Amino acid sequence: MSNNFVIECLDCGKQYPYCPQTNACPTCNSSWGEARYDLFRIGKNLPAMLARRPFNLWRYRELLPLYEYNPAISMGEGGTPLIHAVNLGMMLGCPNIYIKDERQGPTNSFKDRQAAVAIASLKEAGITEAVLASTGNVAISYSAYAARAGVKLWAFLTSLVPAEKMREVAIYGTQVVKVTASYDQAKVVAAEFAKQRGLILERGARTIPSLEAMKTIAYEIVEQITALYSTDDRPAHQQNLPWRSPDWYFQSVSGGLGPLGVLKGFNELKSMGIIKTIPAIANIQAEGCAPMVHAWRQGLEVAEPIHSPRTHIATLATGDPGRTYTLLNQRMRQTGGGVFESVSDDETFRTIHILAKMEGLSVEPAAAVAFAGLIKLARAGLIKPTDTVVVNCTGHTMPVEKIILGDNWARNVVLPSQAMADTPEEGLLAALNRINADRFPRVEIADDMPDARRLIRRILQAQGEYTIYEANDGREAIELAEKELPDLIILDLMMPEIDGFGVLDALKSNPQTNTIPVIVVTAKELTPAENARLQGQIYSLMQKGEFMNDELMDEVRALVK
Ligand SMILES: Cc1ncc(COP(=O)(O)O)c(C=O)c1O
Ligand SMILES: [Zn+2]
């Protein structure tokens, strides 16, 4: 393969050949350019080419800014799975939510795409030393690939980067420079260092391979969604055109390289006639550092920099997005539209628990920001139940950062040494009994629909520690309440045999159960007479389908600790 592509200046339109050392247009000196390919020719052959290749980022190699394909430093980057978020979808009333699991890249973040292509490009040009500034993940990914390629790397990390990430950068042999300042300031220091030493600098959206690498996410999503929604089991490249795109693409945003690249991918796919529509892009920022969100709300073309980010999510602390925001905003307006939204650190940390406990995905705070944004926008009604949504699950930090779990996340079993020596089993049993005695609030869920019970159980378990009992009809609900004396009953009204009203009557007439608080959850529109029947009998009434609000959890927390 020998690729044909050129760089087109975004300011004067001049086309010029790519060379990593060049960072300016030969005509107007602008440092903003973008790669252009012969999309007509590539588009015609793409399905046939894809049929022969494994599912990783290099299957799109004709659309990447490299002259030759050289798999020597590849570690299987790209090709991440698209996972159906069944439980999250049920909670939000949006059944078509899919997670693009970028944690499964070689260093566990979507930055592996960027590093793989960028380092391959440096290697191709014979460059052996490079400089970057990072909030952590870019440095980690680059370090891994630089190590494989024998490129010496200098990483300027803001001091806000968690120590775990700094150590991860160092393990690859990268020269770590900790800058006690903001990320934007660290970028200035790195740029000055690179200039003084004549070294090449990673410049985000202005680094051609970086932006191009990100677009492979769009290509993969389109192939995956197309296969999922086809009526037979065949992969996308065997399906007729046009292929499918999602209605929404969600991503956590710091500098905006990711969404800008992904949008370029969708645009190229449309230019090639492979897809017909471009998704709306939801860019989610951390509230304490959301310059793009502020600009978007005020209808500004240029984002005002944030000088002192106020968020614990250091990974997303780009205070000055510069022209990346301007381009992203313009292109969204010209294509599928979208939004810029922010979420608080607290919402983000809560979302980490929800994702882990409902979907089995442990993610880092920066990745959870996108999901917190999804929950917020779904609640606001912006996402329609029929919409297909893809969320970029951008990354995972190992080990879990302390701030997520607080102090009391483990229980200690201490075996008294004397008891152990005399009667080992007794000592062990006594210790285990102490764990059981560590009692969680006990909640009975009475509903004849298994899905409804499962959803309530998951919502409770995702956000707290509860012992849960389930009853699947009215009679069982009464018997279970009498036997277990739970701290709280969540009760459905419409059940066979004995309905919710009957259950309430039975509970209230038994002195053992008449003080147990009851939350009624129902899909039924109540008549005035039914409403009157519930008066004074229950703690609160909640409509099914409203679980996506925090209301249920607020009520539960108010009743049981
Ligand atoms: C895990 C994670 N998510 C999201 C982002 C945001 O990336 P960007 O806005 O540069 O696309 C980053 C950037 O470092 C990241 O590491
Ligand atoms: Zn120019």
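Nothing here was measured: the structure is a model prediction, and the numbers come from that model. Remember, it's 1-based here, ligands and their atoms both numbered in the order they're listed. Below, all heavy atoms of this structure are taken into account, side chains as well, without hydrogens, waters or symmetry copies.
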Counting each atom of ligand 1 from 1 as listed, which ones have a heavy atom of [X] under 4.0 Å away?
X: Gly255; result: 8 (P), 9 (O), 10 (O)
X: Ala366; result: 1 (C), 2 (C), 3 (N)
X: Ser252; result: 4 (C), 6 (C)

Item to check | Pairwise side-chain contact, Lys178 with Leu157, heavy-atom cut-off 4.5 Å (strictly under) | outcome: no

Please state which protein non-hydrogen atom is closest to [atom] and give its distance, to 0.1 Å?
atom: atom 15 (C) of ligand 1; value: Thr315 CG2, 3.5 Å
atom: atom 2 (C) of ligand 1; value: Thr394 OG1, 3.4 Å
atom: atom 16 (O) of ligand 1; value: Asn137 ND2, 2.7 Å
atom: atom 11 (O) of ligand 1; value: Gly258 N, 2.6 Å

Part of [X] with heavy atoms under 4.0 Å of ligand 1, whether side chain, backbone, both or neither:
X: Ser109; value: neither
X: Leu316; value: side chain
X: Thr318; value: neither

Item to check | Closest heavy-atom pair and its distance - Asp184, Ile306 | outcome: OD2-O, 4.2 Å

Checklist entry - At their closest point, which heavy atom of Ile42 faces which heavy atom of Met272, and how far apart are they? => result C-SD, 4.4 Å

Next on the checklist: So for Gln251, does at least one of its heavy atoms come nearer than 4.0 angstrom to any atom of ligand 1?
Outcome noted: yes

Checklist entry - Does some non-hydrogen atom of Pro259 fall short of 4.0 Å from ligand 1? => result yes

Checklist entry - Heavy-atom count around Lys152 NZ within 6.0 Å, excluding the residue itself: above 12? => result yes

Next on the checklist: Surrounding CD of Gln15 (heavy atoms of other residues, nucleotides or ligands, distance under 6.0 Å), is the total greater than 12?
Outcome noted: yes

Item to check | Name of the residue among Arg206, Arg331, Lys215 meeting salt bridge (charged side-chain N to carboxylate O under 4.0 Å, His left out) with Glu34 | outcome: Arg331

Next on the checklist: Does ligand 1 come near enough to Ala367 that some N or O of the ligand is less than 3.5 Å from an N or O of the residue?
Outcome noted: no

Checklist entry - Considering distance alone, does some N or O of Gly395 sit under 3.5 Å from an N or O of ligand 1? => result no

Checklist entry - In terms of the angle between their ring planes, are Phe340 and Trp296 parallel, tilted or perpendicular, with boundaries placed at 30° and 60°? => result tilted

Item to check | From Leu122 atom CG to Leu153 atom CG, the distance as rounded to the nearest 0.5 Å | outcome: 9.5 Å

Checklist entry - Taking the Zn ion (ligand 2) as the vertex, how big is the angle to SG in Cys25 and SG in Cys28, rounded to 10°? => result 110°

Checklist entry - How many degrees, to 10°, between Cys9 SG and Cys12 SG as seen from the Zn ion (ligand 2)? => result 110°

Item to check | Whether Asp11 side chain and Ser30 backbone form a donor-acceptor pair below 3.5 Å | outcome: no

Checklist entry - Among Lys111, Gln114, Met292, whose heavy atom sits nearest atom 7 (O) of ligand 1? => result Lys111

Item to check | Pair Tyr60-Glu220, side-chain hydrogen bond (donor to acceptor under 3.5 Å, both in side chains): steps then yes or no | outcome: CA-CA 9 Å; Tyr60 314 107; Glu220 288 179 15; 5.0 Å; no

